[in-house]
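This one's a predicted model, so the numbers in the text were calculated from it and none came from an experiment. Every chain is numbered from 1 and lettered A, B, ... according to where its sequence line falls, protein lines coming before strand lines.
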There are 2 protein chains.
Amino acid sequence: MELAQEVGARLRRLRQDRGLSLSELARRSGVGKGTLSELETGQRNPTLETLYALTTALDAPLSTVVGPAPVQGAAVHAVLTDRVQDAAAVWEVYRIRIQSGAVQRSAAHVPGTEEHLLVFSGTARVGPASAPFEVGPGGHARWAADVPHLYEAVGRDVEGVLVVRYPVG
Amino acid sequence: MELAQEVGARLRRLRQDRGLSLSELARRSGVGKGTLSELETGQRNPTLETLYALTTALDAPLSTVVGPAPVQGAAVHAVLTDRVQDAAAVWEVYRIRIQSGAVQRSAAHVPGTEEHLLVFSGTARVGPASAPFEVGPGGHARWAADVPHLYEAVGRDVEGVLVVRYPVG
DNA sequence: ACAGAACGTTCTGTAAACGGAACGATCGTG
DNA sequence: CACGATCGTTCCGTTTACAGAACGTTCTGT
């Protein structure tokens, strides 16, 4: 998808999630109504100032509209917030939400891959498919991800941070 | 600092870190040399397309130039990558680097505050000032931060993720 | 059914972001 | 010392992102 279209779609979604009309957001942000309409439909290439005015009025960080796209699975919704590489390994940090009512299974990753989960809220059932374990709010789990593993929310949805480490190469 | 100036300064720094001349980056990114010069000095309000062309040529995510500013302390360098709030608490996720050769001390935070550290590389000495402990690569530590605590790198610099949880109010 | 208001889109004139050319400054190199 | 190459800045004509007006459409209330 075209960059401007992607950003426009995210803006529109963000605005609608907050129940704002296009006219109302235009008023609050000081951005022209016409400008906003064309931005949301991907017909314009916004300036930094305009994006900033809009995300501020929407009470969202700029990264919400320009950041990487979320990864969506059966029960897992994740967005990459950081990525670090050193001589031996790559670390990827995801903001993760596990939705209750479904189980997400993941195949084995490259040998040496390891995952960490830090739970903010809810209780998760994660780890190797053969022996998963539960982690509650404030808890931490670590498991080898070079075997099949799964993610599941026990009861309410789970919010947290997932860190994946895999060897470089 | 003005937004355009802040972004300009980050672009300049990013380019210089890679040892590129302004002319060379202009050539690689397809962005006009004059445009780039004025951007870096904060005299222009870049469009999304221009920012994208530049960060792509610099092999950096867009968030590097539009993301939040780093927090710098005696030994700790941290940037906030995410912030989540629910009914009971606020969670802040930081990419953290602890530089060796200095100890960073932190006063007690609000009661109920808790910190987690996930170490990517290096060995950290962290936790309550009265009883710190060591965490190596791939390790995880958790401590109460409502008492004085400290951060220190043992040997080489430490890279990792720091998560701070504090009660809402 | 008809006002009136609010919605999102399209139009219009202006300000400014763009690429590229011209410029002086600072290098190495013969 | 020239000479050419490359640096970053300033200038210029074109393109386009902007704010605001004008527009057709969809509600809501009397």
**Prompt:** Quick one: do A/Arg95 and A/Glu159 make a salt bridge, cutoff under 4.0 Å?
**Reply:** yes
**Item:** A/Glu115 and A/Arg142 ion-paired at < 4.0 Å
**Value:** no
**Request:** Give one of base, sugar-phosphate or nothing for B/Gly34, where a contact means two heavy atoms less than 4.0 Å apart.
**Result:**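 Counting heavy atoms under 4.0 Å across all strands, the contact made by B/Gly34 includes a base.
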Separation of [X] atom [atom1] from [N] atom [atom2], in whole Å?
| X | N | atom1 | atom2 | answer |
| --- | --- | --- | --- | --- |
| B/Glu40 | D/dT10 | CD | P | 13 Å |
| B/Asn45 | D/dT16 | CG | P | 17 Å |
| A/Glu49 | C/dA16 | CD | C1' | 11 Å |
| A/Gln43 | D/dA17 | CD | P | 11 Å |
| A/Leu36 | C/dA6 | CG | C1' | 15 Å |
| A/Leu39 | C/dT10 | CG | P | 14 Å |
| B/Glu38 | C/dG20 | CD | P | 15 Å |
| B/Tyr52 | C/dC18 | OH | P | 17 Å |

**Message:** Going by purine N1 to pyrimidine N3 plus the second Watson-Crick contact, or the G-U wobble pair, all under 3.5 Å, which nucleotide sits opposite D/dT30?
**Reply:**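 Base-paired to C/dA1.
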**Request:** Classify the angle between the aromatic ring planes of B/Trp143 and B/Tyr151 as parallel (below 30°), tilted (30 to 60°) or perpendicular (above 60°).
**Result:** perpendicular
**Item:** Quiz item: B/Thr35 side-chain donor-acceptor pair to C/dG19 base, under 3.5 Å
**Value:**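 Between C/dG19 and B/Thr35, which were checked side chain against base, a qualifying N/O pair under 3.5 Å is present.
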**Message:** At less than 3.5 Å, do the side-chain atoms of A/Lys33 and the base atoms of C/dG8 form a donor-acceptor pair?
**Reply:**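 Indeed, a donor on one side and an acceptor on the other fall under 3.5 Å apart.
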So, is [X] close to the [N] phosphate, meaning a side-chain N or O under 4.0 Å from OP1 or OP2?
| X | N | answer |
| --- | --- | --- |
| B/Thr47 | D/dA17 | no |
| A/Thr50 | D/dC18 | yes |
| B/Arg44 | D/dA17 | no |
| A/Ser37 | C/dG8 | no |
| A/Arg27 | C/dA6 | no |

What nucleotide, of [options], holds the atom closest to the side chain of [X]?
| X | options | answer |
| --- | --- | --- |
| B/Ser21 | C/dT9, D/dC7, C/dA17 | D/dC7 |
| A/Thr41 | D/dC11, D/dA17, C/dT9 | C/dT9 |
| B/Ser23 | D/dG8, D/dC18, C/dT10 | D/dG8 |

**Check: B/Ser100 side chain, B/Val154 main-chain N or O, donor-acceptor pair, under 3.5 Å** = no
**Request:** Give a yes or no on whether A/Glu49 atom CD has more than 12 heavy-atom contacts from other residues, nucleotides or ligands under 6.0 Å away.
**Result:**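 No - once you tally the heavy atoms of other residues, nucleotides and ligands closer than 6.0 Å, there are 12 at most.
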